[in-house]
There are 2 protein chains.
Amino acid sequence: MEFSESKNIFLQIRDWIADQILQGKIVAGEKIPSVRELAMDMEVNRNTVMRSYSFMEEEGIIENKRGIGFFVAVDAKRNLLKKQKQTFLKDELPSILHRIEVLKLNSEDLKILIQTIQSNDHENQQ
Amino acid sequence: MEFSESKNIFLQIRDWIADQILQGKIVAGEKIPSVRELAMDMEVNRNTVMRSYSFMEEEGIIENKRGIGFFVAVDAKRNLLKKQKQTFLKDELPSILHRIEVLKLNSEDLKILIQTIQSNDHENQQ
DNA sequence: ATTAGTGTCATAATACACTATGACAGCAAA
DNA sequence: TTTGCTGTCATAGTGTATTATGACACTAAT
């Protein structure tokens, strides 16, 4: 995995796992990679992955079974959706809006963005 | 100034100055705060501000006059606009799109976003 | 010439993310 | 019971952002 320089690695790992859950690639009750295994795959230290997992455990999106490993919590996806939606609209969107205003980006520059939003309008199921 | 934990302070200072320039609050040729002064205002070390300024000098958006201070470069605004526009569309927009897809945010959730974009459509000058 | 304001350089100390490694306990299967 | 997975804890080392200070050269104004 390729990491960004500007953000802590253990948070990027967390974000990656969370994204897997939101995309449905990992479902509730399913086991996630062991600390050692993921550390190997991502060419990262065990302690760093451990930190990500501890962090996610406190958030309640994964749970530990002693001697076995970590598993996706039952309401992980629902909680992640709620929390991230709130974070995005409240914290990230304002800076995005400011960016768009300052850079004077118009409908043509952001055609893909508008298309993406509109395609979500036609999906009312859940 | 309030700093985010996740990003380097000297980069946040750079972003702040760049934003002032893009907004036209500081114009070409104008003097920006001295290293010591800005450090005081932002409650940050001199060396940290110095790092921001050195960084911006390498980028060509500010210039130094020995013994006097730093000044906004002539093409600073134009260069910043070009560079940031490119960075936004190429690096940041993709992750925003992915976020919108995963969180299934629709036109109603992002009403303000769409309005902001459309208001830029009616500004064809510059 | 003196004073005060500029940037600049050097040094040391602090804080923290990340790494490297070893050791130990719990669990499951052979 | 042994083997091989799990997580967990402890310890030490590295790199780097940030802080804290001091000192020096340049410029402008008195």
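In what follows, every chain begins at residue 1, and chains take the letters A, B, ... in the order their sequences are listed.
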Between C/dA17 atom P and A/E5 atom CD, what is the distance in whole Å?
-> 17 Å
B/N106 backbone acceptor or donor facing B/D109 side chain under 3.5 Å = yes
A/V102 and B/D19, any side-chain heavy atoms less than 4.5 Å apart | yes
Got a second to check how far A/L110's CG is from B/L89's CG, nearest 0.5 Å?
-> 6.5 Å
Nearest to the side chain of A/I68 - D/dT27, D/dT18, C/dA28?
-> C/dA28
Can you list every side chain to side chain donor-acceptor pair (under 3.5 Å) pair that touches residues 50-69 of chain A, not counting sequence neighbours?
-> A/R14-A/E59
Over how many whole Å does the gap from B/Y53 atom OH to C/dC9 atom P extend?
-> 17 Å
Non-hydrogen side-chain atoms of B/L105 and A/I117 separated by less than 4.5 Å = no
Any pair counted as side chain to side chain donor-acceptor pair (under 3.5 Å), so long as it reaches residues 83-93 of chain A, sequence neighbours left out | A/Q84-B/R99, A/E92-B/R99
Atom CZ of B/F3 and atom P of D/dA17 are separated, to the nearest Å, by 16 Å
Nearest-Å distance for atom pair CZ/C1', residues A/R51 and D/dG7 = 18 Å
For A/F71 and C/dC27, give me the distance from atom CZ to atom P, rounded to whole Å.
-> 13 Å
Take atom CG of B/N8 and atom P of C/dA15, then tell me their distance rounded to the nearest Å.
-> 18 Å
Nucleotide C/dC16, atom C1' - distance to NZ of A/K7 in whole Å | 18 Å
Nearest-Å distance, NZ (A/K65) to P (C/dA28)?
-> 10 Å
Taking the side chain from B/N8 and the backbone from B/F10, do they hold a donor-acceptor pair closer than 3.5 Å?
-> no
Strand-adjacent residues in residues 33-49 of chain A, judged by heavy atoms under 4.0 Å from DNA chain D = A/S34, A/V35, A/R36, A/N47
Out of C/dA17, D/dG7, C/dG7, whichever nucleotide has its closest atom nearest the side chain of B/M50 = C/dG7
Contact under 4.0 Å: A/R66 side-chain N or O vs C/dC27 OP1/OP2 | yes
